[in-house]
Amino acid sequence: MIDVPLSALEVAMVQTGTRAVETLRDTAAFAQELERLGYHRIWYAEHHHSPAIGAFPPVVLTAHAAASTSAIRLGSGGVLAPNHAPLTLAEQFGTLAALHPDRVDLGIGRGPGTFDEATARALRRGAGPTTDEEYQADVAAILSFLVDEVALGPLPEPWLLASSTAGAALAARLGLPIALAHHIRPDNTRAALERYRAAFTPSRWCERPRVLLCVEAVCAETEEEAAWRVGPMEVVKAGLLKGLSEIAFPTPAEAAAHPFTAEERQALAAFRAQQAVGTPETVVRRLAQLVAETGADELMLTTPLHALRDRVRSYELLMKYAGATTAP
């Protein structure tokens with residue numbers, strides 16, 4: 001049993017041989033299905049110039065899904081501060097929160113959302129990489145604008161996304177709930193949590209440390225099917241290990257035939273051991289272990305499968321076996 005709320009991170013994988021618009025069309029149906037299953041929230045990630053991931057703005061997906069559902073929380077996981085003017089983000093998410101009271105989250109992250117330097121510079125109108133000081137100032141400005149400039153009524157719930165102790169320290173100093181990217185840098189999770197909890201300062205946004213842990217989770221009826229379903233993402237990860245960014249998202253059959261090196265297989269197995277892939281029993285046991293180890297208040301699951309039916313089935317199996325609560 002998992003006794004914390006379960007949520008979902010949608011990264012909009014675009015499988016080889018399909019168009020991004022087909023992935024986009026699934027957005028509302030996916031949100032409706034997860035609301036039906038009892039998931040607490042869905043966040044949308046910001047990505048750019050990738051053959052494997054759709055470049056769909058989180059604010060647009062949030063608005064679209066909110067109009068298609070009635071209760072599930074929705075928002076960014078995250079919207080990337082360096083790519084946007086702070087006032088623009090405050091206005092966009094403040095407006096969404098006014099239209100859909102108590103349902104909108106503003107998850108803020110730092111990364112560029114792309115591995116392509118030209119794309120990153122275009123997003124920033126020619127500016128170079130953001131410094132730590134600039135990023136911290138941007139996050140503080142977004143929060144200030146939400147309160148002082150937008151003030152349309154109900155505010156979005158702000159979260160800070162982090163995968164390092166530096167991000168954890170900023171969340172603690174600002175008194176924000178933290179969303180830890182265990183699905184990206186699991187080796188940093190323990191140190192980041194310790195830093196966050198030790199330095200946390202209560203604020204108007206959060207009275208006590210509050211932790212959301214994002215985990216890669218793929219659930220299927222058998223271990224073999226789960227391994228088959230997760231194969232395409234492992235091809236993408238193997239490419240990233242080589243420093244390749246222009247990696248398409250293959251079909252499961254293509255992934256099964258991919259020639260992984262021994263070193264890649266070892267690295268992928270080590271990463272997978274820190275996530276949750278397998279049968280419902282395996283996945284629930286692993287997620288419960290992560291909650292016990294980290295004290296997380298909520299789990300957010302990213303399930304990088306392209307076909308809508310496969311993603312929904314994974315979430316359906318997990319919720320059926322988890323016995324999870326859906327209230328924060």
Side-chain angles (χ1 to χ4, degrees), residues 9-10 12 27 41-49 54-67 73-114 116-163 166-179 181 201-206 210 212:
L9 174 66
E10 177 57 272
T27 302
R41 68 178 100 227
I42 303 172
W43 282 356
Y44 301 99
E46 179 179 346
H47 293 279
H48 303 277
H49 193 68
F56 310 135
V59 66
V60 176
L61 294 185
T62 299
H64 181 56
R73 295 193 67 92
L74 300 154
S76 57
V79 69
L80 304 174
N83 297 341
H84 310 275
L87 180 56
T88 298
L89 290 181
E91 288 178 341
Q92 289 174 344
F93 284 85
T95 300
L96 280 175
L99 291 171
H100 305 280
D102 301 318
R103 293 186 60 203
V104 174
D105 302 326
L106 172 53
I108 306 167
R110 175 173 178 175
T114 180
D116 180 65
E117 183 177 346
T119 300
R121 294 184 71 86
L123 287 164
R124 297 169 181 170
R125 302 185 70 179
T130 301
T131 66
D132 289 343
E133 292 76 14
E134 288 170 337
Y135 172 61
Q136 293 174 21
D138 281 349
V139 175
I142 293 167
L143 299 176
S144 177
F145 283 136
L146 279 175
V147 176
D148 299 330
E149 299 292 335
V150 179
L152 294 174
L155 295 174
E157 185 173 274
W159 290 74
L160 195 75
L161 279 63
S163 61
L170 178 60
R173 178 166 63 80
L174 296 176
L176 292 176
I178 191 171
T201 301
S203 72
R204 68 171 294 153
W205 308 107
C206 199
R210 188 175 169 200
L212 179 153

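On a predicted model such as this, the values are computed, not experimentally measured, just so you know.
Taking CD1 of Ile108 as the start and CD of Glu46 as the end, the distance is 12.0 Å to the nearest 0.5 Å. For the atom pair OG (Ser203) and CG (Leu143), the distance works out to 8.5 Å, reported to the nearest 0.5 Å. One distance of note links CG of Leu9 with OH of Tyr44; it measures 10.5 Å at 0.5 Å rounding. For the atom pair CZ of Arg204 and CG of Leu176, the computed distance is 11.5 Å after rounding to the nearest 0.5 Å.
In this structure a side-chain-to-backbone donor-acceptor pair under 3.5 Å is present from Arg73 to Val104. Looking at Ser144, its side chain never comes within 3.5 Å of a backbone N or O of Ala140 through a donor-acceptor pair. Put simply, the side chain of Thr62 gets close to the backbone of Pro58: a donor and an acceptor are under 3.5 Å apart.
Heavy-atom minimum distance, Trp159 versus Ala179: CE3-N, 4.1 Å. Between Gly167 and Leu160, the shortest heavy-atom contact is O-CD2, 3.4 Å. The nearest pair of heavy atoms linking Leu155 to Ala97 is C-CB, 3.7 Å. Among all heavy-atom pairs drawn from Phe56 and Leu61, the shortest one is CB-CD1, 3.6 Å. Smallest separation of non-hydrogen atoms from Pro177 and Pro158: CG-O, 3.2 Å. Annotation for Ser76 and Val79: closest pair CB-N, 3.4 Å, computed over non-hydrogen atoms.
Counting heavy atoms from C-beta outward, Leu96 and Val59 have side chains that approach closer than 4.5 Å.
A salt bridge is defined here as a Lys NZ or Arg NE, NH1 or NH2 lying under 4.0 Å from an Asp or Glu carboxylate O, and Arg110 with Glu134 fails to meet this definition. Ion pair Arg41/Glu157 flagged as a salt bridge, since at least one NZ, NE, NH1 or NH2 atom sits closer than 4.0 Å to an Asp/Glu carboxylate oxygen.
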Next on the checklist: Between Leu212 and Ile178, does the side chain to side chain contact (heavy atoms under 4.5 Å, CB included) criterion hold? Intermediate values first, please.
Outcome noted: CA-CA 6 Å; Leu212 179 153; Ile178 191 171; over 6 Å; no
Checklist entry - Leu106 and Leu146: side chain to side chain contact (heavy atoms under 4.5 Å, CB included), yes or no, with the steps? => result CA-CA 11 Å; Leu106 172 53; Leu146 279 175; 4.0 Å; yes
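Among Leu89, Thr88, Leu87, the one residue that satisfies the side-chain contact (heavy atoms from CB on, under 4.5 Å) test with Ile142 is Leu89.
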